[in-house]
Chemist: 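Got a structure for you, questions after.
Just so it is clear, the structure is predicted and the values come from calculations on it, not from any experiment. The sequence lines fix the lettering, A, B, ..., with proteins before strands; numbering per chain opens at 1.
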Amino acid sequence: MSGLIDFLTDSANWSGTDGIPTRLLEHVQLSGVSILIALAPAILLGLYIGHTRRFEFIVSIVALGRALPSFAVMAFFFPMQLRFGWGFTPWAAVIAMVLLAIPPILTNTYVGVRDVDADTLEAARGMGMSERDVLRKIELPLAVPLAIAGLRTAAVQVVATMTLAALIAGGGLGRYIVDGSALGSNSESGVAKLLAGAVLVALLAIVVDGFLGIVERLASPRTTSRGRRRVPEEHLDVLPAPDLTAS
Amino acid sequence: MINELFRWDWFFDHLPDIWELTLEHLRLTAIAVVIGFAISFPLGVLAYRHRRTYGPITAVTGILYTIPSLALFMMLGPVTGTLSVTTAEIGLVSYTLLIIIRNTVAGFRGVPEDVKEAARGMGYTARQSLWKVELPLAVPAIVAGVRIATVTTIGLVTVTSLIGHGGLGIYILQGLSRLDSTLTLTGAVLSMFLAVSADRILVIVERRSTPWAQTRARAS
């Protein structure tokens, strides 16, 4: 433990290419890029499927993606990126993280749109709203809190899993974990480095979770009678993913 | 680097090893989920009965959940033995806790208020109501939690290959270091297959354990 505190308070570890600010920034960049790439297809598909109720099987297939180990995705794409001449870049890890981030965002957006009150929709159509308006002015705003809850789950998972990038010579906080453990469990500085990596990643994940939690609350529409619309507990996680075996 | 995407001859030559590792994968998963459930279920009931404990319980398990698996496995190494099964299992169990606890609590909280009132009205004590009325109604959500925990664990087992276990994950790791996609695909596709099969089996378990839900669905 004292080794960890020494590592975190040593000024040498706060500058340079292997310094904490650099690694932290790399980690945030890699995670951010992955989430941004995942966001558009996940939200658009979720809205489309939820609104039209067509191709609902896609949601089940995407839910299957949860069973795909990120480690394997990365291991699969890494040789390919070498073959395509992309060299030692973290792209394989980014692909794995995009695939990790899509299911929770898509599922939550879809559930959010699907669960909009039928009476509300009928009233909107009765008022002469076009399908486009129904989607844009009714379903989208009502689905936003759930979609953000999905984004929150995805972001936390991506931040915590991005450490794998270090296994394919990528940057980010995973570097400390991989480099630290490479020094062996007998090396005091190695263990300190490893611990520092783990603690920093966990802290980053908690900060991201807290921040998106606030965004989620702010995005929840306030209704006059019931206060803020509460996101049902079971939707906070990716939890009841649509039945993988929908009969 | 090997250029073929998948060499079937390698696959068929190694079938006995693949089978061995599949069993190992299932063993690691089953131990983790069973222990995880044994810890999570009582904690979930506690968090439901005593609302004040919900915050601390989910905070602690939430922190365990955010520690990167890679770091957790390597961190536990010096404490519980670098290559011991205990190291792998502690890591795997700690990731199941939050999932099962949250779903258990959500399941119990989802029991309609009038159902509980009716139970009280019929003379059930709080304890009887919990076990005989509320628990059966919470079963689907609890099983959903076990399903997610199982699928997640099957994926995480592959990461334990870094500390000398890993079941089918060993092929993924070897595939990564030898840049051989045959090995990677074998490990990845089979572990995904295990995850999907385990999920289906648990759905059947859920249907069997809540026969009334099926009757109701058919009746409506």
Chemist: Examine whether an atom of B:Leu173 lies under 4.5 Å from a heavy atom of chain A, and if so say whether it belongs to the side chain, the backbone or both; otherwise answer neither.
Modeler: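 Its backbone and side chain both get close to chain A.
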
Chemist: Between B:Trp8 and B:Phe11, how do the two ring planes meet: parallel, tilted or perpendicular, split at 30° and 60°?
Modeler: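 Perpendicular.
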
Chemist: Does A:Asp18 come within less than 4.0 Å of A:Arg23, counting only side-chain N to carboxylate O?
Modeler: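 Yes, A:Asp18 and A:Arg23 are salt-bridged.
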
Chemist: Under a 4.5 Å heavy-atom cut-off, does chain B meet the side chain of A:Leu173, its backbone, both or neither?
Modeler: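 Neither the backbone nor the side chain of A:Leu173 comes within 4.5 Å of chain B.
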
Chemist: Counting C-beta onward and ignoring hydrogens, is there a side-chain heavy-atom pair between B:Ile142 and B:Asn103 closer than 4.5 Å?
Modeler: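 The answer is no, as the side chains (C-beta and beyond) never meet within the 4.5 Å cut-off.
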
Chemist: Verify, without hydrogens or angle tests, whether B:His25 (side chain) and B:Val157 (backbone) share a donor-acceptor contact under 3.5 angstrom.
Modeler: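 No, B:His25 side chain to B:Val157 backbone: no donor-acceptor pair under 3.5 Å.
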
Chemist: Less than 4.5 Å to any heavy atom of chain B: does that hold for the side chain of A:Phe76, its backbone, both, or neither?
Modeler: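 For A:Phe76, heavy atoms of backbone and side chain both lie under 4.5 Å from chain B.
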
Chemist: Which ring-ring contact (aromatic ring centres under 6.0 Å, His included) pairs, counting each pair once, include a residue from residues 159-179 of chain A, with sequence neighbours left out?
Modeler: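 Non-adjacent pairs meeting ring-ring contact (aromatic ring centres under 6.0 Å, His included): A:Phe7-A:Tyr176.
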
Chemist: If you tally heavy-atom pairs under 4.5 Å against chain A, which of B:Leu194, B:Ile172, B:Ile154 wins?
Modeler: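 Greatest number of close heavy-atom pairs with chain A: B:Ile172.
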
Chemist: Identify the residues of residues 199-215 of chain A whose heavy atoms come closer than 4.5 Å to a heavy atom of chain B, ordered by number, or report 'none'.
Modeler: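 Near chain B, by residue number: A:Val201, A:Ala202, A:Ala205, A:Ile206.
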
Chemist: Name the region of A:Thr161, side chain, backbone, both or neither, that has any atom closer than 4.5 Å to a heavy atom of chain B.
Modeler: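 Looking at A:Thr161, nothing touches chain B.
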
Chemist: For the residue pair B:Trp10 and B:His14, categorise the inter-ring angle as parallel (less than 30°), tilted (30 to 60°) or perpendicular (more than 60°).
Modeler: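 It falls in the parallel class, under 30°.
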
Chemist: Return yes if a side-chain donor-acceptor contact under 3.5 Å exists between B:Thr58 and B:Thr61, otherwise no.
Modeler: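 No, because no side-chain N or O of B:Thr58 sits under 3.5 Å from a partner of the opposite role on B:Thr61.
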
